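Here is the structure we will look at.
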Amino acid sequence: MFSDKKINMENIAGAQVLTQVWAQAQSQAQSLVGSQVLTQVLTHVWAQVANQAQSQVAIQVWTHVWAQVVDQVEDQVWTQVANQARSQVADQVWTQVADQVVDQVEDQVWRAGYGAHDANWLGFYDFFLEKCGLDGANRLRGLLDLAKHCGWFWPFEGVVILTERPNKLERDSHNQLHCEDGPALSYPDGFSLWKWHGVTVSEDIILSPEKITIQRIEQETNSEVRRVMIERYGAEKYVIDSGATVVEELSPTHPIVGLRTARLLKKEIPGDEPIIYVDLLNSTAEGTWVNNLVDGVNKPLFKPDIVDGKPFHKRYMLRVDPNAYNGEASTSAHAAAASTWRDQLTGALTYPNWRDYAPATES
């Protein structure tokens with residue numbers, strides 16, 4: 001918890017000192033760079049002028065060389081030295097100034113009382129006070145009451161700053177803020193955070209995923225938010241609706257029934273790994289089992305669904321890890337299909353070599 005607060009404090013401190021840091025860094029960098037550039041340019045120019053033996057053309061040569069060298073050297077040296085100087089000076093100034101501000105803000109955090117966040121250790125003493133009737137921890141009653149009714153607080157002489165406790169807090173199995181139908185964190189004054197497995201998103205992404213469009217997804221520059229939008233839209237639906245590239249389509253006479261007419265679909269995502277699906281044919285025809293009495297014994301009979309005079313086989317799509325089989329799962333529909341067979345507990349590939357996925361019979 002504290003590390004998160006420290007990160008936030010550093011962000012606040014950065015915003016406060018950014019202008020001051022840049023001004024100091026720029027001033028020092030210009031002074032340093034100016035001296036270095038002048039020395040290098042003059043040395044380079046004088047070496048060329050000295051090579052001209054005829055004094056009567058020295059002035060012309062100087063002028064000619066100066067014009068060429070200054071343009072070339074000044075651009076190169078200025079760019080290199082200025083970047084180095086800015087980096088060195090800015091780092092030094094930032095370290096000095098930012099550390100001072102962070103220390104000041106951090107000092108205020110240590111002065112705070114943690115209210116409800118102290119409940120983890122106060123609960124131990126509360127048990128003996130309230131359940132066992134022991135009064136040895138009576139001096140903690142004030143902190144116990146604060147933990148029950150407020151969040152962080154800052155006690156000063158004559159005044160105390162109190163903060164509200166959240167009235168809603170929901171997390172996922174990994175303890176990240178997450179809620180599928182409302183804010184994951186909210187306070188009585190109306191402040192709230194909308195989170196999807198720890199990623200901060202806008203309210204409508206949570207409440208109205210049906211309004212997310214392909215255009216909006218592809219205009220989103222934050223890769224984490226874009227992943228959430230794709231998940232809320234439906235990754236399979238997104239791949240189809242966005243016009244994914246068909247990397248490979250297998251023959252309708254492929255020896256593996258489930259791979260007949262299989263398609264490998266790939267959707268490139270700027271700044272992120274591609275989304276890849278393999279579109280497969282269910283080797284088992286759709287249908288129903290019906291009662292079938294044979295000599296008084298019920299032996300269920302499978303009745304396939306018939307479409308256009310043929311048994312109907314449903315298609316389905318499976319998400320593919322583009323890195324499986326050293327990346328071959330992103331170029332081969334056969335490899336992609338093999339990569340979907342994994343150990344349920346460890347996630348390890350069932351087939352070390354995707355060519356080993358060649359079932360003799362399918363059902």
Side-chain angles (χ1 to χ4, degrees), residues 1-16 18 102 105 109 112 114-117 119-120 150-152 163-245 265-279 316-324 330 340 347:
M1 175 194 73
F2 179 71
S3 62
D4 291 338
K5 293 183 179 296
K6 185 172 183 181
I7 291 172
N8 290 334
M9 287 187 297
E10 290 176 346
N11 291 338
I12 295 172
Q16 292 174 338
L18 184 58
V102 169
V105 177
V109 172
Y114 300 137
H117 286 167
N120 62 323
C150 77
W152 283 32
T163 64
E164 292 272 17
R165 293 188 308 167
N167 54 10
K168 181 182 180 183
L169 175 62
E170 294 193 20
R171 293 168 292 181
D172 61 16
S173 59
H174 296 287
N175 214 29
Q176 296 176 310
L177 286 173
H178 173 75
C179 183
E180 299 183 6
D181 56 6
L185 177 69
S186 63
Y187 286 83
D189 64 357
F191 175 83
S192 59
L193 292 177
W194 301 80
K195 295 275 191 173
W196 186 268
H197 297 297
V199 178
T200 301
V201 296
S202 59
E203 177 180 343
D204 66 306
I205 291 178
I206 300 295
L207 296 183
S208 306
E210 71 281 357
K211 294 182 180 179
I212 299 175
T213 64
I214 297 295
Q215 182 181 18
R216 182 180 174 188
I217 292 174
E218 299 191 343
Q219 288 178 345
E220 176 58 54
T221 57
N222 184 299
S223 60
E224 289 188 330
V225 174
R226 185 169 58 236
R227 289 191 199 109
V228 173
M229 293 172 69
I230 291 173
E231 185 176 350
R232 296 294 282 161
Y233 185 90
E236 179 180 333
K237 185 173 184 292
Y238 172 69
V239 166
I240 296 173
D241 293 351
S242 62
T245 301
L265 304 175
K266 183 177 184 179
K267 175 62 180 179
E268 296 289 353
I269 306 295
D272 206 345
E273 69 177 18
I275 298 177
I276 299 180
Y277 271 85
V278 59
D279 175 20
Y316 59 99
M317 293 179 65
L318 297 176
R319 185 77 178 264
V320 175
D321 174 8
N323 302 309
S330 63
T340 64

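Remember, predicted model here, so these are calculated numbers, not experimental data. Residue numbers run from 1 in the order of the sequence given.
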(request) Return the set of residues passing side chain to side chain contact (heavy atoms under 4.5 Å, CB included) with D189 (not counting sequence neighbours), or none when no residue passes. (result) Y187, F191
(request) Before giving the answer on side chain to side chain contact (heavy atoms under 4.5 Å, CB included), spell out for I275 and L265 the whole-Å C-alpha distance, their side-chain angles and the decisive distance to 0.1 Å. (result) CA-CA 8 Å; I275 298 177; L265 304 175; over 6 Å; no
(message) So does S330 get a backbone contact from the side chain of K266, meaning a donor-acceptor N/O pair under 3.5 Å?
(response) no
(message) Nearest 0.5 Å, please: how far is CD in E170 from OG in S186?
(response) 9.0 Å
(message) Just so I know, are the side chains of V225 and M229 near enough to count as touching, which here means a heavy-atom distance under 4.5 Å?
(response) yes
(message) Please report the interatomic distance CH2(W194) to CG(L185), rounded to the nearest 0.5 Å.
(response) 11.5 Å
(request) Return yes if some donor-acceptor pair links the side-chain N/O of R226 with the main-chain N/O of E220 below 3.5 Å, else return no. (result) yes
(request) Say whether, by atom type as modelled, one donor and one acceptor occur between the side chain of D204 and the main chain of S208 under 3.5 angstrom. (result) no
(message) With a 6.0 Å cut-off (strictly less than), is the heavy-atom count around NZ of K168, excluding the residue itself, greater than 12?
(response) yes
(message) To check you understand the geometry: which heavy-atom pair defines the closest contact between I205 and R216, and what is its length?
(response) CG1-NH2, 3.6 Å
(message) Within this structure, what is the CG-CD1 distance for the pair D181 and I206, rounded to the nearest 0.5 Å?
(response) 9.0 Å
(request) Determine the interplanar angle of the H178 and W196 rings, folded into 0 to 90°, and report it as parallel if under 30°, tilted if 30 to 60°, perpendicular if over 60°. (result) perpendicular
(message) Within a 6.0 Å radius of atom CD on Q215, are there more than 12 heavy atoms belonging to other residues, nucleotides or ligands?
(response) no
(request) Taking all heavy atoms of R232 and all of I212, pick out the closest pair and write down the distance. (result) CB-CD1, 3.8 Å
(message) Can you tell me how far apart CZ (R319) and CD1 (I276) are? Round to the nearest 0.5 Å.
(response) 9.0 Å
(request) Kindly give the heavy-atom pair with the smallest separation between N175 and R171, and that separation in Å. (result) OD1-NH1, 2.9 Å
(request) Taking side-chain hydrogen bond (donor to acceptor under 3.5 Å, both in side chains) as the test, write out the residues that go with D272, two or more places apart. (result) R227
(request) Give a yes or no answer on whether the side chain of R165 reaches the backbone of G115 with a donor-acceptor pair at less than 3.5 Å. (result) no
Let me have the donor-acceptor pairs involving side chains of residues 233-240, under 3.5 Å, with sequence neighbours excluded, atom names and distances please.
from : atom 1 : to   : atom 2 : distance (Å)
Y233 : OH     : K237 : NZ     : 3.1
Y233 : OH     : D241 : OD2    : 2.7
K237 : NZ     : D241 : OD2    : 2.9
Y238 : OH     : E218 : OE2    : 3.2

